[in-house]
Amino acid sequence: MFLALKELKHGKFRFLMIGVITVLIAWLVFILSGLGNGLSTLSAATFKNMDAHYVTFEEGSRASMSRSLLNESLADELEKADDVSAATGMGATMGTVLNESSSADKEKVDVAILGITPGNFLEPDVIEGNPLQANEPLEVIANDTLKKKGFEIGDTLKIEGSLEKMKIVGFVENETYNHLPAIFTTLDKWRTIQFAAPGSDKGIKNPVNAIMLQGENIDSEKLNKLFKNTETVTKSTAVQGMPGYKEENGTIMMMLAFLLAISTFVLGVFFYVLTLQKSNQFGILKAIGASNLFLGKAIVAQVFLLSFVSIVVGILLTYGTALILPDGMPFSLDFKLVIIYSLLLLVISILSSVISVRKVTKIDPLQAIGRLE
Amino acid sequence: MSGIQFKNVSKLYQQGENQVLALDDVSLTVEQGEFIAVIGPSGSGKSTFLAIAGALLQSSEGEVILNGKNLNQLNPKDLARLRLEEIGFILQTSNLVPYLNVLEQLLVVKKMAGKVTKEDKKFAKDLLENLGLAAKLKKFPDQLSGGERQRTAIARAFINNPSIILADEPTASLDSKRAHEVVQLIAKETKTRNKAAIMVTHDERMLEYCDKVYRMEDGRLKHDNSFKHENSKRLSTIG
């Protein structure tokens, strides 16, 4: 630590340059993780937020709501199965809504219309207004994105391509589905919108897209055998099945992985070149009695200090950036993720110094004597 | 016994097909309080001799006993420890750590062994004061003159109170006035602190400060008597 600190202090400019590079890497890592987090929230927040553990789909739908169609009565049967504490149907459809009083095209908003049973565990708490009522089929609760777009409680919405109307009675927050703000309505209302065309329900009575199950110890294999034509998966598998979710997440994760791999090499090479430059100095220190451990510790301590400070600066910059990003940008920093990536970066930079430490152990103290015949 | 002893030491290098005998049956004893010089042309094996004495290189044949320890029987870790505790190196160019100030140059050696105590700090300051560096404690190597750097290196060699001092061409980069100063200081510190000291040099002007002079030629070490008279005369004026 002694050598490490003294050298950092003495060679400010050199270490500042390496520090800046580490800061930039950390900054980019955090921004990417924020974007990834934001995108996946946008894509599947409703799924992630809901208090369910497993989801039952129609067999062959590959965990996708849009490919699956089931009879709602299946929920009652599932509820009786082992380890299932509650089960309820859910339906989803995409649509475009417009304030009834307006006819301007530019005020149209794309939304996800989600059908649920009012009052059960799928219904999110409202932050403003009233919850859904089973006997009020017109009433809906909407994500607060709509509020930001000028909709208010009491507004009546027209649905494009349909004669159906809805009235906003409450707002919820952080409810997005398939990148769109969610509007929650009753299952019956949802059916009249989704299955307006004759035959589109494939003859299934009271259709739903999927059935959400509560119960942490559910044995999905057993349910698959017990109920023909269904497949039950964990909630996280269902999230993966959201359209585009895997692709978006995969892209971000791949960028992150490459960034981390590249930064390992970049930092590793930097530290290695620094070490090479000082190899004569290390030889002398070894000749006067420094052990490999002593010198190795000095290098690792230096890298640790440098990375630690750089990562902290990177975090501050990231939060600063978050403040000035445009409103519609799907950017959401998860503090837990920031900590995880910080630790990962710290580990990576220390790993990258290992090659330098190895070099130091190989330096022969004999070179201090210089001109050996 | 303390001091350093070479017993029939030989060193063989493999250079491609050929074998080079860098040291040929060298025997030598340096007692505590004794300051000896080894001179010889380049390629004579002086550096090999110093490297073996400094536990940086192991001999092919024969034994080197340093302060009662046989160097051939130690592993690299123990050798590093021995270099730290028993040997003080003064190298050709002072070879100070560029980012440490004069006082820290000494303290880092203490750090290698563990913690730096208050006594260590005081001892370091006393040493530096003795060598006329009291006003330069906070200076970095690039702010020092060549002589001051070499004096710092001398102080560094003495900080751990080693039993033997090894100097490798300590005057190589100095003008003759500073060179005399530096060797005089090494001689003085060796005497007052009762160390065994070996200086490898080709600078014959410096031999007057040494108790004995050995000449190295083609790996063989011979005692050179021609300097003896002059030395005893000069030594009485030191210390």
Side-chain angles (χ1 to χ4, degrees), chain A residues 1-19 271 273-303 305-306 357-373, chain B residues 13 15 20 22 42-52 54-57 76-101 104-105 107-114 116 140 142 153 156-157 159-160 162 166 168-169 172 200 219:
Chain A
M1 206 53 133
F2 177 75
L3 276 183
L5 267 178
K6 295 286 172 194
E7 195 183 4
L8 282 176
K9 244 179 165 171
H10 197 76
K12 280 194 202 81
F13 184 68
R14 184 185 312 169
F15 289 108
L16 190 71
M17 287 195 295
I18 300 179
F271 295 134
V273 170
L274 272 189
T275 307
L276 278 187
Q277 261 190 342
K278 293 186 292 186
S279 87
N280 190 44
Q281 202 185 98
F282 283 126
I284 289 150
L285 285 170
K286 274 181 151 185
I288 63 174
S291 63
N292 284 329
L293 184 71
F294 180 80
L295 297 176
K297 272 202 290 198
I299 291 181
V300 173
Q302 203 168 58
V303 173
L305 276 175
L306 199 62
V357 173
R358 217 179 103 85
K359 172 74 194 166
V360 166
T361 63
K362 294 240 151 87
I363 291 172
D364 192 343
L366 199 55
Q367 75 182 62
I369 299 278
R371 34 159 210 130
L372 198 75
E373 296 94 319
Chain B
Y13 285 115
Q15 262 182 4
V20 179
S42 59
S44 60
K46 290 184 314 229
S47 293
T48 306
F49 168 77
L50 198 74
I52 289 177
L56 295 171
L57 206 60
K77 209 177 149 196
D78 291 333
L79 285 174
R81 181 138 211 100
L82 179 111
R83 285 201 297 274
L84 181 60
E85 290 169 354
E86 306 280 3
I87 301 173
F89 267 110
I90 302 164
L91 300 167
Q92 202 172 134
T93 46
S94 50
N95 282 320
L96 302 172
V97 184
Y99 48 84
L100 297 181
N101 67 33
E104 287 161 354
Q105 300 285 348
L107 297 183
V108 74
V109 181
K110 279 285 166 199
K111 280 265 179 195
M112 291 174 193
V116 176
F140 288 96
D142 55 5
R156 183 173 68 177
I159 181 74
N160 257 348
L166 299 175
D168 177 26
E169 304 269 14
V200 165

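We name chains A, B, ... by the order of the sequence lines, and we start the count at 1 in each one. Only heavy atoms go into these numbers, but all of them, side chains included; no hydrogens, no water, no symmetry mates. The structure displayed is predicted, hence computed values, not measured ones.
Side-chain contact between B/Asn160 and A/Ile288 is absent, with no heavy atoms from C-beta onward closer than 4.5 Å.
Across all non-hydrogen atoms, the minimal contact from A/Leu366 to B/Ala51 is CD1-CB, 3.4 Å. Between B/Arg83 and A/Pro365, the shortest heavy-atom contact is NH2-CG, 3.8 Å.
Scanning residues 2-10 of chain A against chain B with a 4.5 Å heavy-atom cutoff picks out A/Phe2, A/Leu3, A/Lys6, A/Glu7, A/His10, ordered by number.
With a threshold of 4.5 angstrom between heavy atoms, A/Asn292 does not approach chain B through any atom at all. Neither the backbone nor the side chain of B/Ile87 comes within less than 4.5 Å of any heavy atom in chain A. The parts of B/Val108 that come within reach of chain A are both its backbone and its side chain, each placing non-hydrogen atoms under 4.5 angstrom from that chain. In this structure, no portion of A/Leu293 lies under 4.5 Å from any heavy atom of chain B.
Here the NZ atom belonging to A/Lys278 is positioned 5.0 Å from the OH atom belonging to B/Tyr99, to the nearest 0.5 angstrom. Here NZ of B/Lys77 is found 8.0 Å from OG of A/Ser291. Values are rounded to the nearest 0.5 Å. Atom CG in B/Leu96 sits 8.5 Å away from atom CD1 in A/Ile284 (nearest 0.5 Å).
For the options B/Glu85, B/Glu86, B/Glu104, heavy-atom pairs under 4.5 Å to chain A are most numerous at B/Glu104. Among the candidates B/Gly54, B/Pro162, B/Pro98, B/Ala113, the residue making the largest number of heavy-atom pairs closer than 4.5 Å to chain A is B/Pro98.
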